[in-house]
Amino acid sequence: EVQLVESGGGLVQPGGSLRLSCAASGFTFDTYDMSWVRQAPGKGLECVSRINSIGAGTYYADSVKGRFTISRDGAKNTVDLEMISLKPEDTALYYCAASKRIRSGIYTYPTWEYNYWGQGTQVTVSS
């Protein structure tokens with residue numbers, strides 16, 4: 001079965017750091033873009049970062065640019081999010097999500113659908 005399992009969340013003071021990890025299984029990992037999507041209490045979903053299927057391109061939301069770094073390991077089927085200089089507004093439930101790329105000849109193209117989701121890991125930034 002498809003599984004995305006996040007870990008690494010917790011309570012941290014403002015200015016602190018955390019590293020989140022997502023372990024993927026049950027699908028062809030290298031054919032999916034991987035994203036970290038967060039949801040603060042009472043608010044909507046926000047994609048904070050995305051990495052393409054082979055790790056050649058990344059996206060960061062303006063709110064986290066320069067502070068968060070996404071990476072993936074094809075051998076381990078994992079995707080990580082290194083977070084530094086954390087702010088209270090980073091407090092949210094962080095989800096790992098997978099988006100299938102569509103093949104056309106030798107090329108693949110991204111889709112905007114999140115096909116699979118993890119259960120989420122809580123990040124709380126507070127004094």
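Just so it is clear, the model here is predicted, and its values are computed rather than measured.
Clustering of Ile, Leu, Val, Met, Phe, Trp and Tyr side chains at separations under 4.5 Å leaves I84 isolated, with no partner residue. Within the hydrophobic cluster formed by Ile, Leu, Val, Met, Phe, Trp and Tyr side chains joined at under 4.5 Å, directly or through other members, Y109 is accompanied by I106, Y107.
K65 and D62 are joined by a salt bridge, as a carboxylate oxygen and a charged side-chain nitrogen come within less than 4.0 angstrom of each other.
Minimum interatomic distance between A24 and L4 (heavy atoms only, all atoms of both residues): CB-CD2, 3.5 Å. What you find for P110 and R50 is that their closest heavy atoms are CB-NH2, 3.7 Å. Nearest heavy-atom pair across L18 and G8 is CD2-O, 3.8 Å.
Side chains of L93 and Y95 form a contact here, defined as non-hydrogen atoms less than 4.5 Å apart. In this structure the side chain of L11 never reaches within 4.5 angstrom of the side chain of Q122, judged on heavy atoms. Looking only at side-chain heavy atoms (C-beta outward), M83 and L20 come within less than 4.5 Å of each other. D33 has its side chain within reach of R101: a pair of non-hydrogen atoms, C-beta onward, lies under 4.5 Å apart.
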Would you check, one step at a time, whether the test side-chain contact (heavy atoms from CB on, under 4.5 Å) holds for F68 with L86?
-> CA-CA 9 Å; F68 290 12; L86 284 161; 3.9 Å; yes

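Placement of V64 and V125 within a single hydrophobic cluster is found when ILVMFWY residues are connected by side-chain heavy-atom separations under 4.5 Å, directly or transitively. Y60 is connected to V123 through a chain of hydrophobic side-chain contacts under 4.5 Å among Ile, Leu, Val, Met, Phe, Trp and Tyr, so both are in one cluster. In this structure, V79 is not a member of the same hydrophobic cluster as Y114, with clusters built from ILVMFWY side-chain heavy atoms closer than 4.5 Å.
Listed by first and then second residue, the ring-ring contact (aromatic ring centres under 6.0 Å, His included) pairs involving residues 11-33 are F27-Y32, F27-Y116, Y32-Y116 (not counting sequence neighbours). For residues 12-29, the side chain to side chain donor-acceptor pair (under 3.5 Å) pairs, not counting sequence neighbours, are R19-E82, S21-D80.
Of the possible polar contacts, none joining the E113 side chain to the S99 backbone as a donor-acceptor pair under 3.5 Å is found. Although no hydrogens or angles enter the test, the distance criterion places no donor-acceptor pair under 3.5 Å between the side chain of Q39 and the main chain of A92.
Aromatic ring centres of W36 and Y94: separated by at least 6.0 Å.
The side chain to side chain contact (heavy atoms under 4.5 Å, CB included) test applied to A56 returns N52, I54, not counting sequence neighbours.
Once rounded to the nearest 0.5 Å, the distance linking OG1 of T31 with CD1 of I102 reads 9.5 Å. Atom-to-atom distance recorded for M34:CE and N77:CG is 9.0 Å, nearest 0.5 angstrom.
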Acceptor/donor pairs from residues 42-49 side chains to any protein atom, 3.5 angstrom cut, sequence neighbours excluded:
{"residue": "E46", "atom": "OE1", "partner": "R38", "partner atom": "NE", "Å": "2.8"}
{"residue": "E46", "atom": "OE1", "partner": "R38", "partner atom": "NH2", "Å": "3.1"}
{"residue": "E46", "atom": "OE2", "partner": "S63", "partner atom": "OG", "Å": "3.0"}
{"residue": "S49", "atom": "OG", "partner": "Y59", "partner atom": "O", "Å": "3.0"}

